[in-house]
2 protein chains.
Amino acid sequence: MGAAKHDVFQAIADPTRREMLRLLAVKNLPISEITAHFPISRTAVVKHLHILSEAQLVQGTKVGREKIYQLHPDPLVEVKDWLSFYEQFWSNKLALLKYQMEKD
Amino acid sequence: MGAAKHDVFQAIADPTRREMLRLLAVKNLPISEITAHFPISRTAVVKHLHILSEAQLVQGTKVGREKIYQLHPDPLVEVKDWLSFYEQFWSNKLALLKYQMEKD
DNA sequence: TTAATATAACACCAAAAGGTTATATATGAA
DNA sequence: TTCATATATAACCTTTTGGTGTTATATTAA
C-alpha cells in the first residue's frame, strides 16, 4: 500500500511544497540546495519531500552521497481533470446563466 | 479549526469538501440536505462549509430557517493558473525532452 | 586513515484538522 | 403559546501536520 496515503490534492495544499515543485521545475536539486531556499530545517524539508514523493510528484535518486530530487509532474493531470469540470462555470457565462436559473 | 486564512488549495485538499463542491454544482442546498449525503455529523459538515466559505468557494444565504449554500467557483481560477505553469511538462513531450536534457 | 559532508533515523513537541456530543437559539407550523 | 425543525456554538477527543533537535551512518576528499 503506501500507494495513496498522500494524494496530489493534499500534497499541493502546502505553499512550501508548491514552492519546492517550482524549484524542481527549474532544475534537479539535492536536499541541501533545496533547504537553502527555505527558512526551515533540513529535517522539515525532507518531510515535505517525502509527502511530495508519496504523491508521486517528485522522485529522489541517490547520486554519490547526495540525493537528487526531480520533478515528476504527471499526477497534476488529476488536478487538471478535476478542475475541468468547473471550467463551465467561468468559461461560458451563457451556460452559467441558464444553469443558475434552472437549478433551484 | 482554521481561524487563519484558508486558501483555495487547502480548501480543496479534503475529498469531503471536493464532494460538497460537486453537490453544490448540481443544485443549491441547505445544510441538512448536504449532511444527508455524508456519513459524518451535521456539525462536521458545517465546519467543512465554513472552510469552503473562507476560501470563497461557497456562499450561504439564510432563507427562512434554512441556510442555503451555493457554489461560487471563481477562486478555482487560481488553481487553474497555478497548474498552467506545469502543463508544458505534459502537453509538449518534445519540449519536455529538450528541457530534461538541458537542466542538469 | 581521518576529517568533513550529506543524508537517514529517531524522539519529541505544539498546533491544526477532522471528528464527536451536548446545548442553545431561531423560525415555521399547529 | 407550544412544539418540531434547522442551524449555531461550545467543549472535547484523536490523529496528522509541520516543525524542532540529536545521533548514526555512508561517502568523499585530503
Side-chain angles (χ1 to χ4, degrees), chain A residues 1-24 27-70 104, chain B residues 1-24 27-72 104:
Chain A
M1 74 137 253
K5 188 181 185 228
H6 282 109
D7 75 327
V8 64
F9 287 94
Q10 206 254 327
I12 66 173
D14 186 274
T16 299
R17 287 195 289 270
R18 288 200 299 278
E19 184 60 27
M20 286 178 178
L21 293 180
R22 196 58 78 116
L23 280 179
L24 295 175
K27 195 171 188 299
N28 296 341
L29 294 171
I31 297 175
S32 53
E33 283 195 47
I34 297 172
T35 303
H37 285 83
F38 298 93
I40 59 178
S41 70
R42 185 186 41 69
T43 310
V45 167
V46 168
K47 284 190 184 180
H48 283 302
L49 287 171
H50 280 341
I51 290 171
L52 290 171
S53 220
E54 280 177 37
Q56 316 260 66
L57 282 166
V58 302
Q59 192 180 348
T61 309
K62 225 180 168 189
V63 177
R65 63 179 161 183
E66 288 186 327
K67 190 162 183 183
I68 309 293
Y69 274 88
Q70 176 177 18
D104 339 67
Chain B
M1 188 176 291
K5 229 170 158 40
H6 274 111
D7 75 326
V8 64
F9 287 94
Q10 207 250 324
I12 66 172
D14 186 273
T16 299
R17 287 195 290 270
R18 289 198 300 278
E19 184 60 27
M20 286 178 179
L21 293 179
R22 197 58 77 116
L23 280 177
L24 295 174
K27 194 172 189 299
N28 296 342
L29 293 171
I31 297 175
S32 53
E33 283 196 47
I34 297 171
T35 303
H37 286 82
F38 298 93
I40 59 178
S41 70
R42 185 186 39 70
T43 308
V45 167
V46 168
K47 286 189 184 179
H48 283 301
L49 287 171
H50 281 341
I51 290 170
L52 289 171
S53 218
E54 281 177 35
Q56 315 259 67
L57 282 166
V58 302
Q59 193 181 345
T61 310
K62 227 182 165 189
V63 177
R65 62 181 156 182
E66 290 186 326
K67 190 162 184 183
I68 311 293
Y69 274 88
Q70 177 178 17
L71 181 67
H72 184 55
D104 339 67

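Chain A is the first sequence line, chain B the second, and so forth, proteins listed ahead of strands; every chain is numbered from 1.
- Residue A/R17 has a polar side-chain atom (N or O) positioned under 4.0 Å from OP1 or OP2 of D/dG18.
- Atom NZ in B/K47 sits roughly 13 Å away from atom P in D/dC13 (whole-Å rounding).
- With rounding to whole Å, A/R42 atom CZ is found 11 Å from D/dT20 atom P.
- A straight line from NZ of B/K67 to P of D/dT9 spans 8 Å, rounded to a whole angstrom.
- With the nearest nucleotide of DNA chain C identified for both B/P39 and A/E33, A/E33 has the one nearer the 5' end.
- Comparing atom distances between the A/S32 side chain and each of C/dT7, D/dT17, D/dT20 picks out C/dT7 as nearest.
- Map A/E66 and B/T43 each onto its nearest nucleotide of DNA chain C; the residue landing nearer the 5' end is A/E66.
- Summarising the geometry, the separation between NE2 on A/H50 and P on C/dA9 is reported as 7 Å, rounded to the nearest angstrom.
- Not a single donor-acceptor pair under 3.5 Å links the side chain of A/R17 to the backbone N or O of A/I12.
- Between the side chain of B/R18 and the main chain of B/A13, a donor-acceptor pair closer than 3.5 Å is present.
- OP1 or OP2 of C/dG19 has at least one side-chain nitrogen or oxygen of B/H48 nearer than 4.0 Å.
- Closest approach of B/P30 to B/I68, counting heavy atoms only: CB-CD1, 3.9 Å.
- One can place CD1 of A/I40 at 10 Å from P of D/dG18, the figure rounded to the nearest angstrom.
- Between B/Q10 and C/dA16, a side-chain N or O to OP1/OP2 separation shorter than 4.0 Å is absent.
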